[in-house]
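One structure below.
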Amino acid sequence: MNPADTLSYIVGRRSLRAMEPGAKIPQEAVSRMLEAARWAPSCSNTQPWRFVVVQEPEAFQKALQALKPGNRTWAQHAGALIVLCANPADDYEMAGQPAYLFDCGLAAQNLMLQGVAEGLVMHPMAGWEEEPMRLAIGLPMPYRVVCVIAAGQTGKLENLPEDLQKREAGERVRKPLANLVYFDAWPNEG
Ligand SMILES: Cc1cc2nc3c(=O)[nH]c(=O)nc-3n(C[C@H](O)[C@H](O)[C@H](O)COP(=O)(O)O)c2cc1C
């Protein structure tokens, strides 16, 4: 991929929600997504990430129930819920701050970018209840759920409630670089 194509691929990724009910994810795609995640960088190569890929219908329903209702409305049509977990003790401190969540974020982005390259809808979620999710996937202590990612085949817009249809088609917003980036030093605001 040339630099411009890489950038437009990254910019083109979206957290879409319209997924095809009942459509499965090919096993090769799941394997490549997990492989992409595994090759993420991590602080001192700690690799704190663990993944529970929930696809089997009964297990899927259990994990689905642990999502917040707003996410359940569309994530019910996912082919897989990928539960990213980590043990907070698997950490390598970065200048006094924990690194494991940062590391997991890098792995999650690798996984989602590979998923998009597979032609899938990939949508990260913070909306889940931890204890129900722990029970649903049998997650032992001291592991924590870090993020849940819905992966699905692209579906029809009409499968979504009306408010989400508007968001699906709506324009994406980002803060301008001028508000985010300084060169050489933070500006003197005084
Ligand atoms: C950590 C994290 C948690 C998120 N949680 C949710 C969620 O619970 N439900 C949801 O619909 N979207 C969720 N999102 C998706 C964001 O709303 C979305 O990434 C953001 O609006 C930017 O849109 P884009 O990903 O299409 O660029 C989450 C995203 C991240 C990174």
Side-chain angles (χ1 to χ4, degrees), residues 5-21 33-34 36-37 40-43 48-54 60-86 88 91 97-134 136-137 139 143-177 179-181:
D5 288 346
T6 304
L7 178 61
S8 64
Y9 172 65
I10 290 169
V11 173
R13 180 213 56 81
R14 295 189 63 152
S15 298
L16 297 171
R17 295 183 178 83
M19 301 185 197
E20 186 60 29
M33 286 193 279
L34 295 169
S42 60
C43 199
W49 42 73
R50 300 291 182 273
F51 303 93
V52 180
V53 181
V54 185
F60 183 93
Q61 283 308 317
K62 280 192 204 160
L64 184 71
Q65 294 314 310
L67 298 182
K68 294 262 171 79
N71 284 335
R72 252 183 267 153
T73 57
W74 53 269
Q76 63 176 312
H77 300 311
L81 294 174
I82 301 169
V83 187
L84 170 49
C85 309
D91 188 45
Q97 297 191 77
Y100 80 98
L101 292 172
F102 183 89
D103 296 338
C104 284
L106 295 171
Q109 180 73 343
N110 271 15
L111 184 138
M112 291 191 292
L113 287 175
Q114 182 64 36
V116 171
E118 305 284 349
L120 300 170
V121 170
M122 302 295 297
H123 199 125
M125 291 175 279
W128 77 84
E129 303 282 357
E130 184 155 30
E131 283 318 302
M133 186 60 84
R134 179 182 295 287
I137 62 169
L139 184 69
Y143 282 88
R144 302 286 309 269
V145 178
V146 175
C147 189
V148 183
I149 300 167
Q153 302 284 0
T154 304
K156 294 191 184 73
L157 209 56
E158 307 89 82
N159 291 344
L160 292 174
E162 228 167 80
D163 57 326
L164 293 183
Q165 286 187 26
K166 283 204 190 94
R167 279 171 73 177
E168 195 87 338
E171 208 183 310
R172 282 156 83 224
V173 180
R174 287 298 192 267
K175 293 173 184 166
L177 277 180
N179 293 16
L180 306 173
V181 183

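Bear in mind the structure is a predicted one, so any value in this text is a computation, not a measurement. Whatever order the structure lists them in is the order used to number ligands and atoms, beginning at 1.
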Ligand 1 atoms in contact with [X] (distance to a heavy atom under 4.0 Å):
X: Trp74; result: 11 (O)
X: Arg14; result: 26 (O)
X: Arg13; result: 24 (P), 25 (O), 27 (O)
X: Gly127; result: 8 (O)

Below 4.0 Å, non-hydrogen atoms only: which portion of [X] touches ligand 1? Side chain, backbone, both or neither.
X: Asn71; result: side chain
X: Arg174; result: side chain
X: Arg172; result: side chain

Considering all protein heavy atoms, does one lie under 4.0 Å from [atom]?
atom: atom 11 (O) of ligand 1; value: yes
atom: atom 4 (C) of ligand 1; value: yes
atom: atom 24 (P) of ligand 1; value: yes

Q) If you measure every N/O of Ala126 against every N/O of ligand 1, is any gap under 3.5 Å? A)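 Yes; at least one N/O pair falls below 3.5 Å.
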(Q) If you measure every N or O of Arg17 against every N or O of ligand 1, does any of those distances drop under 3.5 Å? (A) yes
Q) Can Arg17 and Thr73 be said to form a side chain to side chain contact (heavy atoms under 4.5 Å, CB included), step by step? A) CA-CA 10 Å; Arg17 295 183 178 83; Thr73 57; over 6 Å; no
Nearest protein heavy atom with distance in Å, relative to [atom]:
atom: atom 15 (C) of ligand 1; result: His123 NE2, 3.6 Å
atom: atom 19 (O) of ligand 1; result: Ser15 OG, 3.3 Å
atom: atom 30 (C) of ligand 1; result: Pro124 CG, 3.8 Å

Q. Given Met133 and Leu67, is the side chain to side chain contact (heavy atoms under 4.5 Å, CB included) satisfied, shown in steps?
A. CA-CA 8 Å; Met133 186 60 84; Leu67 298 182; 4.0 Å; yes
Q. Counting distance only, does the side-chain N/O of Arg50 pair as donor-acceptor with the main-chain N or O of Cys85 below 3.5 Å?
A. no
Q. Between the main-chain N or O of Ala18 and the side-chain N or O of Asn159, is there a donor-acceptor pair closer than 3.5 Å?
A.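 Judged by distance alone, no pair lies under 3.5 Å.
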Q | For the student: nearest non-hydrogen atoms of Trp49 and Ala107, plus distance | A | CE3-CB, 3.5 Å
Q) Nearest heavy-atom pair of Met122 and Val116: which atoms, and what distance? A) CG-N, 3.8 Å
Q: Report, as yes or no, whether the 6.0 Å neighbourhood of atom CZ on Arg167 holds more than 12 heavy atoms from other residues, nucleotides or ligands.
A: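 Check fails, neighbour count at 12 or below.
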(Q) Is it the case that atom CZ in Arg144 sees more than 12 heavy atoms from other parts of the structure closer than 6.0 Å? (A)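 Check fails, neighbour count at 12 or below.
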Supply the atom-to-atom distance [X] [atom1] to [Y] [atom2], rounded to the nearest 0.5 angstrom.
X: Cys104; Y: Leu111; atom1: SG; atom2: CG; result: 11.5 Å
X: Gln165; Y: Lys156; atom1: CD; atom2: NZ; result: 12.5 Å
X: Leu64; Y: His77; atom1: CG; atom2: NE2; result: 9.5 Å

**Q.** Contact with ligand 1 for Cys147, non-hydrogen, under 4.0 angstrom
**A.**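 No heavy atom of Cys147 comes that close to ligand 1.
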Q. Would Trp128 count as a contact of ligand 1 if the rule is a heavy atom under 4.0 Å away?
A.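 Under 4.0 Å: no for Trp128.
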